[in-house]
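The figures that follow rest on heavy atoms only: side chains count, while hydrogens, waters and symmetry mates do not. Every chain is numbered from 1 and lettered A, B, ... according to where its sequence line falls, protein lines coming before strand lines.
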Amino acid sequence: MAVSREQKTQAEAEIDIMRHSTAHVMAEAVQSVFPEVKFGIGPAIENGFYYDFDLPRALTPADLSVLETRMAEIMAADLPFVRQEMTKEEARGLFAAQPYKLELIDGIPEARVSIYRQGALVDLCQGPHVSSTGKIKAFKLLSIAGAYWRGDEHHPMLQRIYGIAFGSKEALSQHLKMLEEISWRDHRKLGVELGLFSIHEEAGPGLVHWHPKGAIIRQVIEDFWKDEHFKRGYDIVYTPHVAKAGLWQTSGHLDFYQENMYSPMDVDGQEYIIKPMNCLGHILIYKTKLRSYRELPLRYAEMGTVYRYERSGVLHGLSRVRGFTQDDAHIFCRFDQLEEEVVGVLNLARFMMETFDFTSYRIFLSTRPEKFAGSDEMWEEATEMLRRALVRQKILYDVDPGGGVFYGPKIDIKLEDALGRMWQGPTIQVDFNLPHRFDASYVGEDSREHQVVMVHRTVLGSMERFLACLIEHYAGAFPVWLAPVQVVVIPVADRHLDYARKLEVELRSERIRVKVNARSESVNSKIRQAQLEKVPYMALVGDKEVAASTVSVRLRRGEQLAAQPFGSLKEMVKTAIANKAEGAY
RNA sequence: GCCAGCGUAGCUCAGAGGUAGAGCAGCGGUUUCGUAAACCGCUGGCCGAAGGUUCGACUCCUUUCGCUGGCUCCA
């Protein structure tokens, strides 16, 4: 039973057509500026479109506004899109000067192809298109980027122009506002502003330094994570950061994963390699004794820090780095336990996602690729178990045919954040390969040895990427349980400082993260500082509070609460922490 | 890695072939203040790094490192 999640609505399909047509208009504009242009492809994408061009010179941002003006003229002229069918031979004649189009024609299986004309442009295109260029309502060109022809780095690099297009000016400006919001929430920007982490040129790109405020968030999450894993029958393990090269030879990583691994270091004449994955250590632990079917499943979990070489051009803040800590676990089980284990992981994954306020996500089941390890039957059965686990959890999912890794089928969960963007979330991967390579087995009921089934899984992904996601999801305003500073005490004047310290001690005794702002600044200024730091509770103490033994509370979202005794603030904060829910946005 | 753009004070940014500037932050002082910026003063820079052109380079050229947007890949 295949459960597919969504079909495009009629309206979405229509707007895609319009976006595609906008790409053609852009192509015409480019052609008018660069008559010698060679066209690549120009599809509609989410929110807009792009088109790839081979041009005599590099485009500059200034070119974009010229092209926009030209495009607006083409739209004002309301030129009709005209479809025409012809044989491939005729098309080859028509596109004789267009090598990329010729290559595309060669790849089309049908005998006849279609072309579209509008104004001065002729383009090989399946269509459909809007009836005329005047039907395009609102667009904007956003950026220029290099893109390999057909995405292959051995092919020439073309210049890609990205644009967005919408059904109305309002929708366009709304989207532009969203883009602004996205850049405003950027974890790299907020990470600096909130003092969470830094990355240093001197230390190397893609290597993260967690500052106290970022580290406390991470620590809270890790404590919570360990707790939850303990409850669910996982055992916490620790494994070394380096291992002899031979181990990576046995695992096959040296053959298949080498471009992501750092060069070996010499230790007493032996080659050692920094681990890019945690699985091998867990396998070694598994293999330390003869395992009985009775002790399975074994679930080894580790916040395991790994190092992977990433090409310099792909590094990005916390979300794509060279050293990161995975919330990793490996489940060793019998084949007949696989489905139940996957159900367990899905449960945990959903619990985690809910805890961090991700209410929407998409699930992908990836099936057998062309090259694979293990037997057909194993794959089929395992894939079926993953499928059944999803169905049992009543989860809608999409199938990614052939999208599995070579060693087994997998389930990927992609999270949707507060701005509707997707992030790689939990993954569950069945592995037939490593147990085979390491001869990891157990003794079955039949007294015979059986190969154990291994499941790699992470529910947060990596602490680095997860934090990047959380920072942007919460826009830096972390819920109380995660907020680096939960309460700032603000004395109105210096004479209230002692009283403020008393409140600080009282809150700290409950392990509430509290700071006193003792600076000689105005109340307004201290409140502003706390707001910018996105501290959930501001506790004001002045003459009135000292006299009445109370505290006035301002919430991060701006709300002011009536003066109250210390105790009730304490309880309010403790409740918010315990609920992990937002109490003070 | 590749294409393009960008690197000026802790941050945001201005400047420009004649030797560097603002706001914020920081520091010192004054102020003791009631829910998003009190006032005055001061410090702060090898203009990413190296080489070249030039009488003179932060500015022009080359190389290099890093960042940004993409391509590819992925936790």
Side-chain angles (χ1 to χ4, degrees), chain A residues 50 52 55 57-63 142-162 183 186 188-189 192-193 195 198-206 257 259-260 276-278 304-306 308-328 405 412 423-427 429 456-469 490-497 519-533 538-545 552-556 558-561 563:
Chain A
Y50 69 78
D52 290 342
L55 297 170
R57 68 162 172 88
L59 292 167
T60 67
D63 291 319
L142 287 189
S143 59
I144 306 157
Y148 299 109
W149 167 240
R150 296 193 151 177
D152 184 334
E153 65 186 59
H154 302 295
H155 288 158
M157 185 165 267
L158 308 179
Q159 298 192 68
R160 175 173 298 179
I161 302 177
Y162 282 97
S183 87
D186 193 312
R188 293 166 300 183
K189 181 178 148 74
V192 171
E193 285 173 7
S198 57
I199 295 171
H200 303 263
E201 190 172 340
E202 309 92 289
Y257 204 67
E259 73 268 26
N260 283 298
M277 292 181 181
N278 300 303
T305 303
V306 298
R308 298 183 187 171
Y309 172 74
E310 296 288 350
R311 296 166 131 200
S312 58
V314 306
L315 299 173
H316 182 90
L318 287 184
S319 62
R320 192 70 184 274
V321 293
R322 285 179 171 164
F324 54 97
T325 301
Q326 292 181 299
D327 70 306
D328 214 351
V405 250
D412 286 313
W423 295 73
Q424 175 67 51
T427 67
Q429 306 191 339
H456 309 251
R457 45 107 288 183
T458 114
V459 292
L460 304 178
S462 73
M463 296 312 289
E464 286 75 8
R465 184 175 285 180
F466 190 65
L467 243 296
C469 178
I490 299 176
V492 172
D494 289 352
R495 63 178 176 278
H496 310 117
L497 202 51
R519 295 173 51 124
S520 173
E521 280 289 353
S522 67
V523 169
N524 275 327
S525 164
K526 293 179 196 177
I527 285 177
R528 178 159 195 272
Q529 283 170 33
Q531 286 289 152
L532 292 175
E533 285 168 34
M538 283 153 257
L540 270 78
V541 292
D543 289 337
K544 282 180 286 181
E545 288 75 14
S552 293
V553 178
R554 174 191 164 107
L555 304 180
R556 176 168 58 191
E559 192 177 333
Q560 289 172 43
L561 308 182

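As judged by a 4.0 angstrom heavy-atom cut-off over every strand, Thr458(A) is placed among residues making no nucleic acid contact. Heavy atoms of Glu545(A) sit under 4.0 angstrom from at least one base atom. Across all strands, Thr325(A) comes closer than 4.0 Å to no nucleic acid atom at all (heavy-atom distances). Among the protein residues, His496(A) comes within range of no part of the nucleic acid, since none of its heavy atoms lies under 4.0 Å from any strand. Counting any heavy atom pair closer than 4.0 Å across all strands shown, Gly313(A) reaches a base atom. Ser552(A) comes within 4.0 angstrom of a nucleotide base, judged by non-hydrogen atoms across all strands. At the heavy-atom level, Arg160(A) lies under 4.0 Å from the strands shown only through sugar-phosphate atoms.
The pair Asp63(A)-Arg57(A) meets the salt-bridge criterion, with a side-chain N (NZ, NE, NH1 or NH2) lying under 4.0 Å from an Asp/Glu carboxylate O.
Checked against side-chain hydrogen bond (donor to acceptor under 3.5 Å, both in side chains), Arg495(A) has the following partners two or more places apart in sequence or in another chain: Asp543(A).
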Identify the pairs formed between an N or O of the protein and an N or O of nucleotides 47-51 of chain B at a distance under 3.5 Å, and give each distance.
none

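At the phosphate of C73(B), neither OP1 nor OP2 sits under 4.0 Å from any side-chain N or O atom of Tyr309(A). Phosphate contact (OP1/OP2 of U68(B), side-chain N/O of Arg188(A), threshold under 4.0 Å): present.
Rounded to whole Å, the C1' atom of C47(B) lies 13 Å from the corresponding atom of A14(B). Across C42(B) and A9(B), the matching C1' atoms stand 15 Å from one another, rounded to whole Å.
If you take CG of Leu532(A) and P of C11(B), they are 17 Å apart, rounded to a whole angstrom.
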